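Keep in mind that the numbers below use all heavy atoms, side chains included, and drop hydrogens, waters and symmetry copies. Please read these numbers as outputs of a predicted model, since none were measured by experiment. Counting starts at 1 for both ligands and their atoms, following the listed order.
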Amino acid sequence: MNSDFPPLKNDLLLRAARGEQTDRAPVWVMRQAGRYLPEFRKVREDHEFFEICRTPELATEVTIQPIRRYKGLIDAAIIFSDILVIPQALGMEVLMQPGPVFPRPLDTPADLANLPDTIDVDKELGYVFDAIKMTREKLEGQVPLIGFCGAPWTLMMYMIEGGSSRTMQKSKTWLFKYPEESRALLKRLADVCVDFLVGQVKAGAQLLQVFDSAAGDLSPYDFETFSIPVLQQISIDVRNRLSKLGLAQVPLTLFAKGASPTLAARCGYDVIGLHWTQDPLDVVNNHVANTSLQGNLDPMVLFGGREAIEREVERMCKAFRSARGGITKGWIANLGHGITPGVDPDDLKWFFECMHKYSASA
Ligand SMILES: Cc1c2[nH]c(c1CCC(=O)O)Cc1[nH]c(c(CCC(=O)O)c1C)Cc1[nH]c(c(CCC(=O)O)c1C)Cc1[nH]c(c(C)c1CCC(=O)O)C2
């Protein structure tokens with residue numbers, strides 16, 4: 001059961017996710033355990049990326065590094081792993097060099113025969129569950145732990161492109177040339193996502209985030225046609241499975257990077273992550289009134305120096321507050337995408353300090 005861990009001392013993240021007013025906005029950063037941190041680079045000197053993911057002691061250590069460094073300033077931990085552990089669990093080889101590379105990507109629908117129909121997530125991804133359990137113990141309730149997975153469309157995109165892609169030509173070719181086979185693949189991936197997310201809650205994850213990082217590269221019509229049905233399937237099935245298992249519900253966040261917030265809000269998640277190109281006031285007034293929001297500082301602001309960071313944080317806080325009639329409510333502060341290598345960890349600390357100052361309810 002998911003209740004035998006040290007009691008949670010800071011529930012700001014969970015309350016904001018549920019749409020509540022908070023004394024200040026909880027704050028965490030996508031990719032907060034990563035290459036901008038010297039202590040992470042130190043671990044990486046001796047260990048391969050996926051070796052860290054697969055070794056609970058190492059995954060726990062790097063998950064906790066930002067919590068240790070930014071003690072009292074950061075309001076969530078996210079389990080160290082990657083969205084591409086699902087393709088690996090389906091038997092595909094994935095290397096990190098330094099971006100992801102699939103030596104044998106899916107080429108045509110005939111290749112789907114090589115993927116198993118179902119997988120046992122406890123067997124294939126049990127190392128993530130073990131890392132979550134160990135991290136919950138080590139966190140001692142300081143902050144909640146976020147679990148996550150990649151969304152079916154983003155996973156399909158990587159499995160077909162064989163890595164990151166600017167045009168997504170091959171994976172979009174599938175959508176347009178083989179729509180039925182594409183839908184079948186998306187559905188198969190969604191089934192694995194559901195098992196994986198439920199397993200993460202069983203292990204101790206207290207909020208779940210689904211990353212559809214390639215969503216904004218689809219037309220709104222194709223996002224609606226291909227991605228939304230499986231994103232909906234995930235939110236519905238995860239909630240149903242948790243109730244059947246007698247487990248408490250956890251908030252669900254959807255980061256459909258760059259996709260229309262109106263469409264993202266149809267997927268049934270508690271929180272919608274915003275890209276930095278999206279305006280919170282516009283989103284609340286014209287699209288999504290009642291869903292909590294996460295985001296959305298441009299990660300490049302962190303390179304702009306202390307003055308710029310303070311100015312931009314103040315501006316972002318004003319925007320999210322005025323979107324909610326002048327109060328800090330239903331908002332989880334974050335960047336609009338992941339933090340990049342090269343950021344000075346002390347500048348990130350300053351970002352957190354400014355967030356504490358400017359998001360405090362008046
Ligand atoms: C698309 C995607 C991936 N992975 C992820 C996404 C979705 C979010 C997004 O859109 O950025 C999600 C992810 N990847 C990682 C986490 C860990 C938790 C966190 O701190 O946020 C999470 C949540 C660690 C990582 N995943 C990766 C690193 C760096 C690898 C290294 O240490 O060498 C880390 C810390 C590698 C990775 N993994 C992936 C890419 C494209 C890359 C290379 C580019 C990059 O580094 O940003 C796939």
Side-chain angles (χ1 to χ4, degrees), residues 13 27-55 58-70 74 76-88 92 94-102 128 131-132 135 143 145-159 161-166 168 171 193 196-197 200 205 207-217 253-259 273-276 294-296 299-300 332 334-343 345 348:
L13 177 90
V27 59
W28 68 282
V29 162
M30 290 186 274
R31 293 279 168 95
Q32 65 190 20
R35 287 174 298 181
Y36 75 100
L37 279 182
E39 54 270 41
F40 175 77
R41 288 200 303 271
K42 185 94 190 33
V43 175
R44 279 286 276 124
E45 274 171 24
D46 300 325
H47 304 281
E48 287 300 329
F49 178 79
F50 285 114
E51 182 196 344
I52 300 176
C53 298
R54 288 173 172 273
T55 312
L58 293 174
T60 298
E61 163 58 21
V62 296
T63 299
I64 288 183
Q65 283 176 346
I67 310 305
R68 206 181 281 139
R69 183 184 270 265
Y70 303 114
I74 192 169
I78 179 163
I79 192 66
F80 189 85
S81 181
D82 199 85
I83 63 165
L84 301 176
V85 298
I86 287 185
Q88 285 180 330
M92 295 185 81
V94 187
L95 309 169
M96 206 50 92
Q97 38 176 239
V101 176
F102 290 64
V128 178
I132 288 175
T135 302
V143 291
L145 179 61
I146 301 172
F148 72 91
C149 75
W153 157 241
T154 295
L155 296 177
M156 169 180 167
M157 188 281 286
Y158 276 106
M159 289 159 71
E161 302 293 341
S164 303
S165 163
R166 196 175 52 80
M168 303 183 185
S171 47
C193 290
F196 185 37
L197 291 172
Q200 292 186 59
L207 181 151
L208 296 171
Q209 176 156 329
V210 176
F211 287 91
D212 206 355
S213 305
D217 294 280
T253 298
L254 172 61
F255 180 57
K257 193 187 127 217
L274 299 183
H275 191 250
W276 70 85
Q294 177 170 276
N296 73 341
M300 294 303 136
I332 299 164
N334 204 309
L335 306 178
H337 196 199
I339 188 170
T340 53
V343 169
L348 182 64

Item checked: Ion pair check, Glu61 and Arg68, cut-off under 4.0 Å -> yes

Next item on the list: Mind checking the CG-OG spacing from Leu155 to Ser171? Nearest 0.5 Å is all I need.
Entry: 12.0 Å

Notebook entry, point to check: ligand 1: which residues have a non-hydrogen atom closer than 4.0 Å?
Noted result: Met30, Arg31, Gln32, Ala33, Gly34, Arg35, Phe40, Arg44, Phe49, Ile78, Ile79, Phe80, Ser81, Asp82, Ile83, Met96, Gly99, Pro100, Phe148, Tyr158, Ser164, Phe211, Ser213, His337

Next item on the list: Would you name the heavy atoms of Asn334 and Val29 that are closest together and state the gap between them?
Entry: OD1-CA, 3.3 Å

Margin query: Once salt bridge (charged side-chain N to carboxylate O under 4.0 Å, His left out) is applied, what residue pairs with a partner in residues 40-54 remain, sequence neighbours excluded?
Written below: none

Next item on the list: Output the distance between atom CG (Leu208) and atom CD1 (Ile79), rounded to the nearest 0.5 Å.
Entry: 12.0 Å

Margin query: Does the plane of the ring in Phe148 sit parallel, tilted or perpendicular to the ring in Phe211? Use 30° and 60° as the thresholds.
Written below: perpendicular

